[in-house]
Amino acid sequence: MTATQTVDAPTAAALASPVKREQSGRLRKMLPPLIVLVLFLGGWWLISATLYGDKNYLVPRPMQVVQAALDNPGTLLQGTWITLTEAAAGFALAIFVGLLSAIVMSLSKALEHSFYPYAVLLQTVPVVAVAPIIVLWFGYNQQSVIVISFMIAVFPILNNSLLGLLSTDRNHVDLFRMHRAKKVTEFVKLRLPGALPSIFAGLRISAGLSVIGAIVGEFIIGSGGEQGGLGVKVLFAQSRLATGLLFAEVVAATLLGFAFFLIVSVAGNQLIKNWHESVVRRND
Amino acid sequence: MNLRRSAHIDHAVALSPDYGTVGVVASSSATETSVTAGAHIDVRGACKTYPNGTIALQPVNLQISKGEFVSLLGPSGCGKSTLLRVIAGLSAPTQGDVKIPAGDRRAFVFQDPTLLPWRTVEGNAHLVCELEGVGKAERRTRVAEALKMVGLTGFEQVYPRNLSGGMKMRLSLARALALRPQLFLMDEPFSAVDEITREGLQDELLRIWGSEGFTSVFVTHNLYEAVYLSQRVVVMSARPGRIKKIFDIPFDFPRRPVLRSTHEFAALSAEISHYLREGMDE
């Protein structure tokens, strides 16, 4: 066998190792959003100090919010922890149900046609309106909050996963069928890995939504007082005109949602970093 | 190689577009009967009609000898891909049948490289053997060999997105070759690569065919590609898809690129071209 002549072959080593991004490049990327943050805080301070100088209970200054957070670390941490557990449970449930439904629907057109419209209805039904029923069923407790979080988070996972699982390349399917691959093999080696980018696109949307769902659930349950999550504590702070603490709690809830999003993003990107265009580092 | 080239010549070409459809279904129960002597692939009255009534392929008879290189040539819609898919077992003929010795391994190369983007070059090369249940140790040997055949040794850990079009197609060939197929079926595999790369790939394919000895069925709409590669060119015509004429290509192997600029090559190409045009005007 003579050696093959490769006219279009760059060296393998050059292709195998992607160029690592330099440290200075990372810094340069972080600078613009940091500038925006500083400008935002400055504007906020200006408005609260000038327009609402005598009504700080309406618009507290940034430092007052920080002070409120430092004065009530227990309240903030406890509220964040409770909301986190509820959102995590709702999100986990949404992943389980959403992914499973998507897989089942992807395997059978009949099932897809039968159930997908109701999945859409689940998304369009105003959760706030059905929440009283959920509370009737599950009681004024964390279970109701988890169910509401689940209801808000499940659809994007279901929808995106289904889309991904149904987008398998026709030729790939032919290749697998031609070589007598079992349905399970086809699913594990072809459909599922190919759907991962879509699945994680859905998970990223739902990660933030699950926290929002938990807060909405806590609002509806309302009570719980000192023992409730951030949603409960926000209502409580409002009733006492403790706006500094209220702002701090809103910031905590926002950061919690962001953390969810970040964890899911990092996990997803790790899984597809080697091959998917959305993640792969460019060499230019 | 020269032995193989002469082997097919005395083999009769069955070509009867008017093949009756009555009783063809019954013949499919006779799959157990031995195939025509010398024929590796025996297509008997195979036709394909889609549920919407479109006739993709009129009843076709075609015998291909063991180790032969045959091209299916024709304009789009002539049923050449349909015929290949029927031979591959990817599509069941509406009537008639295709006889291939039981246990013979069939490999298929698509027009697109159809690589799995989440697998490395090596992982992709493993795929077909993996699906066919070839053991891991055996697979490693075969994949290394196949990658060497197509000149991709050293690229094992690279992902497909970092390969050029030509390299992707070579990987697609390697994936099929690793199976060590007796039947190598290709559906316009080089139509998406540039002219220079294509000619390189054609020579590589002929070299590998010469050493491996598999039977090749190669679908193309490129007349010169068909003539350069094949021992026989099956010209098909469209609406409805059928075999129009089969040409023997008498040039010796191994073929060299210089063949393309010979008078004989041009003359034969012109003759086939004439039939191709006639097929399109109808």
Side-chain angles (χ1 to χ4, degrees), chain A residues 1-19 164 167-200 268 270-284, chain B residues 85 88-91 105-121 123 127-133 145 147-167 170 172 175-176 179 185 187 193-194 196-197 199-200 203-204 207-208 211:
Chain A
M1 186 70 49
T2 56
T4 316
Q5 296 198 338
T6 56
V7 282
D8 55 347
T11 67
L15 294 181
S17 63
V19 176
S167 310
T168 314
D169 184 79
R170 187 67 230 164
N171 285 336
H172 280 138
V173 175
D174 276 347
L175 181 72
F176 273 65
R177 301 242 160 110
M178 165 150 186
H179 294 292
R180 301 186 295 271
K182 292 193 192 86
K183 276 267 180 193
V184 184
T185 311
E186 188 183 306
F187 182 80
V188 173
K189 292 190 174 173
L190 179 63
R191 290 189 188 276
L192 189 61
L196 278 181
S198 299
I199 291 173
F200 272 92
Q270 275 302 312
L271 276 174
I272 61 174
K273 66 176 176 186
N274 283 322
W275 62 275
H276 200 255
E277 287 297 334
S278 67
V279 198
V280 170
R281 288 176 181 177
R282 295 189 184 282
N283 290 351
D284 53 19
Chain B
R85 291 174 65 86
L90 280 171
S91 172
R105 294 179 298 274
R106 282 178 280 197
F108 198 98
V109 177
F110 295 87
Q111 187 172 357
D112 301 317
T114 57
L115 305 170
L116 301 180
W118 53 88
R119 286 193 178 206
T120 59
V121 165
L127 182 69
V128 164
C129 283
E130 210 175 292
L131 295 178
E132 289 284 352
E145 198 184 287
L147 288 177
K148 193 178 171 209
M149 264 189 244
V150 301
L152 281 176
T153 305
F155 290 86
E156 285 85 353
Q157 302 313 317
V158 177
Y159 283 87
R161 60 179 298 279
N162 289 320
L163 298 178
S164 68
M167 291 166 89
R170 286 212 297 270
S172 193
R175 178 179 67 189
L179 186 63
L185 311 171
D187 189 4
V193 294
D194 63 85
I196 296 165
T197 307
E199 292 188 0
D203 285 329
E204 278 184 43
R207 177 177 54 74
I208 294 165
S211 66

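Just so we're on the same page: letters track the sequence lines, and every chain starts at 1. Side-chain atoms are counted along with the backbone in the values below, which use heavy atoms only and exclude waters and symmetry mates. As the structure is a prediction and not an experimental result, all values here were calculated from the model.
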Please classify the contact between [X] and chain A as side chain, backbone, both or neither, with a heavy-atom cut-off of under 4.5 Å.
X	value
B:Arg105	neither
B:Leu116	both
B:Leu127	side chain
B:Gln111	neither
B:Phe108	both

- Can you tell me how far the CG atom of A:Asn171 sits from the CG atom of B:Leu115, to the nearest 0.5 Å? 11.5 Å
- Item | Reported NZ-to-OH distance for the pair A:Lys273 and B:Tyr159, which is rounded to 0.5 angstrom | 8.5 Å
- Query: Does A:Leu190 reach the side chain of B:Trp118, with side-chain heavy atoms less than 4.5 Å apart?
  - Reply: yes
- Task: Compare all side-chain heavy atoms of B:Leu131 with those of A:Phe176 and state whether any distance is below 4.5 angstrom.
- Result: yes
- At their closest point, which heavy atom of B:Leu179 faces which heavy atom of A:His179, and how far apart are they? CD2-CE1, 3.7 Å
- Message: Counting heavy-atom pairs under 4.5 Å with chain B, which one of A:Glu186, A:Lys182, A:Arg180 comes out on top?
- Response: A:Arg180
- Of the listed A:Thr185, A:Asp174, A:Leu271, A:Leu196, the one with the largest count of heavy-atom pairs under 4.5 Å with chain B is A:Asp174
- Proximal component of A:Asp169, with respect to chain B [non-hydrogen, under 4.5 Å]: side chain
